[in-house]
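In this text the structure is predicted, and so the values were computed from the model without any measurement. Numbering starts at 1 and runs along the sequence shown.
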Amino acid sequence: MVPPLREVLQDPGTRNAMALNPNTFRFRDGASLVVAAEEWPPHVFFRPPADGTTDENSRLQTISGPMANMINILAEKLNFTYKLVQPEDGAWGSRLPNGSWTGMVGMVNRKEADLALGPFGRTENRAQAVDFTPSFFFDYRCILASKGTAEVDPWCFLYVLAPPLWIGLLGAGLAVWTAAMLLTAKPRGVCLGWRGVRTLFSQMQVITNQDVTWTTVGWSERAVLGGWVVVAAVVGWAYAGHLTSLLAVRRAPTPVQSLQDLLQRPDLGVSVKTDTVLAEAMARDSSAEVRALRRLHAVGRLRFWPGSLFDADLMHQVKRGEQVVVTTSLLADTLMAHDFITTTTCHFYKSRQNFIATNHCMIGQKGSPLTPLITSRVTGIVEAGLYKYWLAAHVPRPRECHRPPSSATAMTSLSLHNLWGMAVVLVGGLGLATAVFCIELVVGRRE
């Protein structure tokens, strides 16, 4: 029978060999470890044993995923076996007011477990209770939100021409207006201001394809005005063709791209997983991002979610646009991939803003001689790029929804709902023309 680790460590010779040769040491007669674990896709997946048996001393029998590969390699290199256990509260671990710890951190701190897989974000509080192995994964926090319904942008007619082209067209119009003012003969009885307005109005008639009468005198004038007509024709044809294309494109809005966007959306709730680095940072950190989250919590918009982020009820709330989730970037990718596999549609997106970066490690008992042995092996695994390779293999379709196109072509009928922006411009223009016409009537009667 393989002795438990605590008995093996009572041998002074074994402890001395572990201290002198941490890179090459192996347990000569083996050792049995107790390893704490909680499910955290894509790092750790739970699965029932193949034979259907259960262990009355443990609620967990088998795991898979990158962390399972990690602990199996360590077991082979160091010649130990292990038994997996779960914390009763299902938590990673947080410190209570009396100084004790919950979750897996508490199990390791109380020496109920020799190791805990995690992986755990390294924090100052946790470092006082347990020892960390070298980091083998680095990740940021981001916001996972639901896309809006894909619709035709009612203001798309403003986006047909790029801003530089609008500026160039304005510059060309001013140049033509200046040349026309200098080259065209001044009619008798017409003031300079009225002449300038009429010239500008004639240019607008040309650019909008309206009938216009423009009296010219010389070839220089005709060359300038003819060039403006050509420019107006080319721009008009391009505008019409491009606008037709844009009206067939539907865009899914992704309005929440930062914590500042969240502050400006009082209709959205925010969910954060309990007992995580982010939850701890909200109690201790003073960064701008954490202050923004505290403001959301102060007004009752942020809640700490005790269950799994894969919970169907939470995902439905996010999909309906009632909630967003603040979590690690990798877990956000996994949630999007899981939803894509289920629905074959990308309902979610990640924010462009990343914040609160953390290193992720395994943890061991404080001062345990086992941690230095694991350190050298973990370093080798990281340097070989194995952990990133394992992660890529366990995130299903990781890039299907990572950077999906924000627009899609749809062959559907247009309606006032799609074109109300143009209707606003049309009605506004007609209203302005009516007002000007009424002013002309009033002024004409007085004269």
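Checked against the 6.0 Å centroid threshold, His297 and Phe304 count as a close aromatic pair.
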**Prompt:** Do Phe46 and Ile63 pass the side chain to side chain contact (heavy atoms under 4.5 Å, CB included) test, and can you show the C-alpha distance, the side-chain angles, and the key distance before you say yes or no?
**Reply:** CA-CA 5 Å; Phe46 287 178; Ile63 59 173; 3.8 Å; yes
**Request:** I would like to know whether Ile363 and Val105 meet side chain to side chain contact (heavy atoms under 4.5 Å, CB included); could you show each step before the answer?
**Result:** CA-CA 8 Å; Ile363 59 173; Val105 176; 4.0 Å; yes
**Request:** Report the C-alpha distance between Asn125 and Arg95 in whole Å, list the side-chain angles of each, state the deciding distance to 0.1 Å, and finish with yes or no for side-chain hydrogen bond (donor to acceptor under 3.5 Å, both in side chains).
**Result:** CA-CA 8 Å; Asn125 265 353; Arg95 188 163 63 179; 2.9 Å; yes
**Message:** If you apply the rule side-chain hydrogen bond (donor to acceptor under 3.5 Å, both in side chains), what do you find for Arg110 with Ser100, and how did you get there?
**Reply:** CA-CA 9 Å; Arg110 295 188 299 269; Ser100 62; over 6 Å; no
**Request:** For side chain to side chain contact (heavy atoms under 4.5 Å, CB included), just list the numbers for Arg303 and Val272, CA-CA rounded to whole Å, side-chain angles, deciding distance to a tenth of an Å, and then say yes or no.
**Result:** CA-CA 6 Å; Arg303 64 175 178 176; Val272 174; over 6 Å; no
**Request:** Go through the steps for Phe120 and Met362 under the test side chain to side chain contact (heavy atoms under 4.5 Å, CB included), then give the verdict.
**Result:** CA-CA 6 Å; Phe120 296 85; Met362 288 191 296; 5.8 Å; no
**Message:** Applying side-chain hydrogen bond (donor to acceptor under 3.5 Å, both in side chains) to Gln353 and Gln257, what does each step give before you reach the verdict?
**Reply:** CA-CA 6 Å; Gln353 182 189 25; Gln257 295 294 344; over 6 Å; no
**Request:** Report the C-alpha distance between Asp313 and Gln317 in whole Å, list the side-chain angles of each, state the deciding distance to 0.1 Å, and finish with yes or no for side-chain hydrogen bond (donor to acceptor under 3.5 Å, both in side chains).
**Result:** CA-CA 6 Å; Asp313 182 55; Gln317 293 179 42; 2.9 Å; yes
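Between Phe136 and Thr133, the closest side-chain pair of non-hydrogen atoms falls below 4.5 Å. Using a 4.5 Å cut-off on side-chain heavy atoms (C-beta onward), Phe340 and Phe348 make no contact. With contacts defined as side-chain heavy-atom distances shorter than 4.5 Å, the pair Leu330/Leu391 qualifies. Here the side chains of Gln365 and Val130 are not in contact, with every heavy-atom distance at 4.5 Å or above. Side-chain contact check for Leu268 versus Glu322: every heavy-atom pair is 4.5 Å or farther apart. Two residues are said to be in side-chain contact when any heavy atoms from C-beta on lie closer than 4.5 Å; Met315 and Leu335 meet this criterion. With a 4.5 Å cut-off on side-chain heavy atoms, Pro369 and Leu9 count as touching. Taking the side chain as every heavy atom from C-beta outward, Trp40 and Leu331 approach each other to under 4.5 Å.
Looking at Asn16, its side chain never comes within 3.5 Å of a backbone N or O of Pro12 through a donor-acceptor pair. In terms of modelled atom types and a separation under 3.5 Å, the side chain of Thr434 and the main chain of Leu430 share a donor-acceptor contact. At least one donor-acceptor pair under 3.5 Å links the side chain of Thr178 to the backbone N or O of Leu174. Put simply, the side chain of Tyr349 gets close to the backbone of Val256: a donor and an acceptor are under 3.5 Å apart. Without hydrogens or angle criteria, Asp311 side chain to Leu314 main chain gives a donor-acceptor distance under 3.5 Å. The main-chain N or O of Lys77 is found under 3.5 Å from a side-chain atom of Arg26 such that the two form a donor-acceptor pair. Under the 3.5 Å distance criterion, the side-chain polar atoms of Asp114 are matched with a main-chain donor or acceptor of Val34. Put simply, the side chain of Ser271 never gets that close to the backbone of Val325: no donor and acceptor are under 3.5 Å apart.
Looking at Asp333 and Lys350, a side-chain N of the basic residue comes within less than 4.0 Å of a carboxylate O on the acidic one, giving a salt bridge.
The two atoms that bring Ser376 and Pro22 nearest to each other are OG-O, 3.7 Å, heavy atoms only. A pairwise comparison of heavy atoms in Asp339 and His347 identifies OD2-ND1, 2.9 Å as the closest pair. Heavy atoms only, all atoms of each residue included: Arg377 and Asn23 are closest at NH2-O, 3.4 Å. When all heavy atoms of Lys366 and Asp131 are compared, the pair lying nearest together is CD-OD1, 3.3 Å. The minimum heavy-atom distance linking Gly65 with Phe45 is given by the pair CA-CD1, 4.0 Å. In plain terms, the two heavy atoms of Trp390 and Pro66 that are nearest each other are CE3-O, 3.6 Å.
Among residues two or more places apart in sequence or in another chain, the ring-ring contact (aromatic ring centres under 6.0 Å, His included) test is passed with Phe355 by none. Residues passing the ring-ring contact (aromatic ring centres under 6.0 Å, His included) test with Phe25, sequence neighbours excluded: Phe27.
Going from atom OG of Ser351 over to atom CG of Asp261 covers 9.0 Å, rounded to the nearest 0.5 Å. Between atom SG of residue Cys361 and atom CZ of residue Arg126 there is a gap of 10.0 Å, rounded to the nearest 0.5 Å. For the atom pair Leu278 CG and Lys273 NZ, the distance stands at 12.0 Å (nearest 0.5 Å). Here Leu74 contributes atom CG and Leu115 contributes atom CG; the two are 8.0 Å apart, rounded to the nearest 0.5 Å. Taking CD1 of Ile374 as the reference point, atom CD1 of Ile381 lies at 10.0 Å (rounded to 0.5 Å). Arg295 contributes atom CZ, which lies 11.5 Å from atom CG of Leu262 (distance to the nearest 0.5 angstrom).
Judged by distance alone, the side chains of Arg141 and Thr358 do bring a donor and an acceptor atom under 3.5 Å apart.
By the 6.0 Å contact criterion, NZ on Lys388 is open, its count of non-hydrogen atoms from other residues, nucleotides or ligands being 12 or less. Crowding of Arg6 atom CZ: a count of heavy atoms from other residues, nucleotides or ligands under 6.0 Å not exceeding 12. Other residues, nucleotides and ligands place more than 12 heavy atoms under 6.0 Å from the CZ atom of Arg294.
Phe137 and His360 have tilted rings, their planes meeting at an angle from 30° to 60° on a 0 to 90° scale. Between Tyr82 and Phe80, the ring-plane angle classifies as perpendicular under the 30° and 60° cut-offs.
A ring-ring contact (aromatic ring centres under 6.0 Å, His included) check over residues 255-278, counting only residues at least two apart or in different chains, returns nothing.
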